[in-house]
Amino acid sequence: MAGASSSWSHALVQISPYTFSAIGIAISIGVSVLGAAWGIYITGSSLIGAAIKAPRITSKNLISIIFCEAVAIYGVIIAIILQTKLESVPSSKIYEPESLRAGYAIFASGIIVGFANLFCGLCVGIIGSSCALSDAQNSSLFVKILVIEIFGSVLGLFGVIVGIIMSAQVSWPSK
Amino acid sequence: MSTFSGDETAPFFGFLGAAAALVFSCMGAAYGTAKSGVGVASMGVMRPELVMKSIVPVVMAGVLGIYGLIIAVIISTGINPKAKSYYLFDGYAHLSSGLACGLAGLSAGMAIGIVGDAGVRLLRRKMKLVSIPILRRNKIPTFALHHDISQCPAAQAFVGMILILIFAEALALYGLIVGIILSSRAGQSRAD
């Protein structure tokens, strides 16, 4: 079927797969750390404020901060895995279908991990802040609200799982 | 130029479909978990014994993330040009499947969050005290005070909240069903 194409494809095929790979790796670490930082400052500010009247909550509620930090660590792990998948390919083969596909796979894997960790970090941060505030009122509530926080942190794991499955698709053409 | 088919760029759309499925479902699940979690914590300050009962909206929001995970894994294991040629048709089918599931999960998550937050805050009020006749060990009949949850109007509204949450969860299920149907269409563009 001659001429069956779309202008999207005409535009995309001009972009090197290394561009997509580099952007994907940068997004996976950058946006994950953004999510972790956002969650940490939401939890931390509430925790410090509540600890003025109830100093006993500080050491226990550091667990919420650690849940947010774990999200950043997921981003680091996936970024390191993705950058080991980068290989150099002779310039005659850069625009072959196989290497284009490898570039797209790294890009999508990076987006998945980055944005899943962003929303997970936000969620865990908001719940961690409520956990600190309710723990200051009644210490039996800490463990119960922590259960909700665990549900929230599972979302980052989903992103890591799909990111790793997708990074197994990366295969550059052999020299 | 006339023989350019664009099939080399089809994996871009396919992988982006898997990304859309997971990222938007995670957005919805995160919104639902966070919004209803704040309501549970706020209610739990007054009635700590009812916190475990109010975790229902959080669990329902978590399920949305699993729907997105299912579609993302189906799509990314379906992109295998070594086994079967991957045409632009398949790429667009996977993109639409991922967007369908993801955006439906996002909207369901927002609904579950807002309804869950409003619903669990109903339980703050104290339950009604009723006196019921009981028989003590020395066989002397007397009355005892008892928290009767069926007498509390807020408890009946809690059951209503559960029903609303089920309807909201059904929205994400519609997205999952359509996503599965669309991704099964990939690979059917040619007779070979």
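Residue numbering restarts at 1 for every chain, and letters A, B, ... go by the order of the sequence lines.
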List the atom of A/Ile165, the atom of B/Thr77, and the distance in Å for their closest heavy-atom pair. CG2-CG2, 4.4 Å
Looking at B/Val59 and A/Phe151, what are the two nearest heavy atoms and their distance? CG2-CZ, 3.5 Å
Most contact-rich option vs chain B, by heavy-atom pairs under 4.5 angstrom, among A/Val113, A/Leu133, A/Ile126, A/Leu118, is A/Ile126
A/Val124 portion near chain B, given a 4.5 angstrom heavy-atom threshold: neither
Check the hydrophobic clustering (I, L, V, M, F, W, Y; side-chain heavy atoms under 4.5 Å; chains of links allowed) and say if A/Ile27 and A/Ile77 are grouped together. yes
Could you measure the distance from the OG atom of B/Ser42 to the CD1 atom of A/Ile145? Nearest 0.5 Å is fine. 9.5 Å
So for A/Glu96, is it side chain, backbone, both, or neither that comes closer than 4.5 Å to the heavy atoms of chain B? neither
Given that the side chain runs from C-beta out, which part of A/Ile127 has a heavy atom under 4.5 Å from chain B: side chain, backbone, both or neither? side chain
Between A/Val13 and chain B, which part of the residue has a heavy atom less than 4.5 Å away: side chain, backbone, both or neither? both
Answer with yes or no whether the hydrophobic clustering places B/Val45 together with B/Met52; edges join I, L, V, M, F, W, Y residues whose side-chain heavy atoms lie under 4.5 Å apart. yes
Using only non-hydrogen atoms and a strict under-4.5 angstrom cutoff, which residues of residues 11-19 of chain B touch chain A? B/Pro11, B/Phe12, B/Phe13, B/Phe15, B/Leu16, B/Ala18, B/Ala19
Contact leader toward chain A among B/Val73, B/Asp7, B/Ile66, B/Ile75, where contacts are heavy-atom pairs under 4.5 Å: B/Ile66
Nearest 0.5 Å, please: how far is CD1 in A/Ile112 from CG in B/Leu69? 10.0 Å
Distance, nearest 0.5 Å, that separates CZ of B/Phe24 from CZ of A/Phe115: 9.5 Å
Looking only at B/Gly32, B/Gly62, B/Gly37, B/Gly65, most heavy-atom pairs under 4.5 Å shared with chain A are made by B/Gly65
Heavy-atom contact with chain A under 4.5 Å, split by part of B/Phe89: neither
A/Val147-A/Phe142 co-clustered via ILVMFWY side chain contacts under 4.5 Å: no
Cut-off 4.5 Å, heavy atoms of chain A, and the answer for B/Lys82 is side chain
Let me check something: do A/Ile23 and A/Leu12 share a hydrophobic cluster, defined by ILVMFWY side-chain heavy atoms less than 4.5 Å apart, either directly or through other members? yes
Working to the nearest 0.5 angstrom, can you tell me the gap between A/Tyr95 OH and B/Glu8 CD? 12.5 Å
Identify which of A/Phe158, A/Phe20, A/Phe107, A/Tyr104 forms the greatest number of heavy-atom pairs closer than 4.5 Å to chain B. A/Tyr104
Measure the spacing between CZ of B/Arg47 and CG of A/Asn138 and express it to the nearest 0.5 Å. 12.0 Å
Looking at B/Ala72, B/Pro81, B/Gly68, B/Ala21, which makes the most heavy-atom pairs under 4.5 Å with chain A? B/Pro81
Just so I know, are the side chains of A/Leu122 and B/Tyr31 near enough to count as touching, which here means a heavy-atom distance under 4.5 Å? no
Atom CH2 of residue position A/Trp38 - does it have more than 12 heavy atoms of other residues, nucleotides or ligands inside 6.0 Å? no
So what's closer than 4.5 Å to chain B heavy atoms on A/Ser109: side chain, backbone, both or neither? neither
Taking all non-hydrogen atoms of both residues into account, name the closest pair between A/Lys144 and B/Val51 and its distance. CB-CG1, 3.6 Å
Please give me the minimum heavy-atom distance between A/Arg101 and B/Ile79, naming the atom from each residue. NH1-O, 4.1 Å
Do A/Val71 and A/Ile73 land in one hydrophobic cluster if side-chain heavy atoms of ILVMFWY residues count as linked below 4.5 Å? no
Could you walk me through whether A/Trp8 and B/Thr9 pass side chain to side chain contact (heavy atoms under 4.5 Å, CB included), step by step? CA-CA 9 Å; A/Trp8 287 101; B/Thr9 60; over 6 Å; no
Minimum heavy-atom separation for B/Ala29 to A/Leu155, with atom names? CB-CD2, 3.6 Å
Minimum heavy-atom separation for A/Leu141 and B/Gly44, please, with both atom names. CD1-O, 3.3 Å
